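In what follows, a single structure is set out as structure tokens and then discussed.
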Amino acid sequence: MTTNKYPGTCEICGEHVPADKGEIRQVWDGQEDEFVWKVRHTDTGICQSVRGQETAASECERGYHAIIGYIKEYGQKTNDAVYGNEVVIDRRYGINQVGWVVTVDNKNTIRLTEKSWSDGYDLSETYTLTDNGDNDGYGNGNDDIKSALHSITNGVQVSIRPFAI
Ligand SMILES: [Zn+2]
């Protein structure tokens with residue numbers, strides 16, 4: 001195997017490979033009709049840890065979507081944008097701040113809110129979940145929702161079972 005003289009992008013994990021930290025090999029590129037150089041990390045542990053992080057990230061996304069679905073299912077929907085005073089998770093993006101934000105107020109009421117406009121119409125939505133504790137013991141009370149969303153923000157996986165509809 002030949003060490004890479006130049007930095008590149010790992011063909012296994014897609015992350016950066018600094019000079020001298022990878023191996024290069026020539027492979028035939030049918031589209032380009034020529035041999036091209038491919039680089040990969042010499043330390044395959046790097047590729048594996050990148051993949052592990054990707055798996056954790058996608059598990060967090062599954063958790064996020066399960067909880068959002070749960071709040072929409074059991075929350076009281078109103079056609080306006082109402083917020084609590086503490087942000088739990090904020091997925092708004094772009095100049096127009098599209099997307100959901102979850103907030104909580106001092107009564108531990110959870111609000112899932114999206115502010116949106118289309119063609120001059122206010123299409124804002126809020127789903128409100130009042131705090132009933134965790135009566136059924138499933139681990140899906142408002143405190144559970146808050147701590148699960150905080151975990152997801154920190155890249156820690158959560159069990160989606162309590163939030164399965
Ligand atoms: Zn790699």
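We count ligands from 1, going down the list as the structure has it; atoms in each ligand are counted the same way. Just so it is clear, the structure is predicted and the values come from calculations on it, not from any experiment.
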Keeping [X] on the side-chain end and [Y] on the backbone end, is there a donor-acceptor pair under 3.5 Å?
| X | Y | answer |
| --- | --- | --- |
| H65 | C60 | no |
| S124 | S116 | yes |
| N4 | I24 | no |

Checklist entry - Sorted by chain and residue number, which protein N/O/S atoms are under 2.8 Å from the Zn ion (ligand 1)? => result C10 SG, C13 SG, H41 ND1, C47 SG
Next on the checklist: Just checking K21: does its NZ atom have more than 12 heavy atoms from other residues, nucleotides or ligands closer to it than 6.0 angstrom?
Outcome noted: no
Checklist entry - Do N106 and N85 have side-chain atoms, one donor and one acceptor, less than 3.5 Å apart? => result no
Checklist entry - What's the shortest heavy-atom distance between W100 and Y127, and which atoms? => result CH2-CE1, 3.7 Å
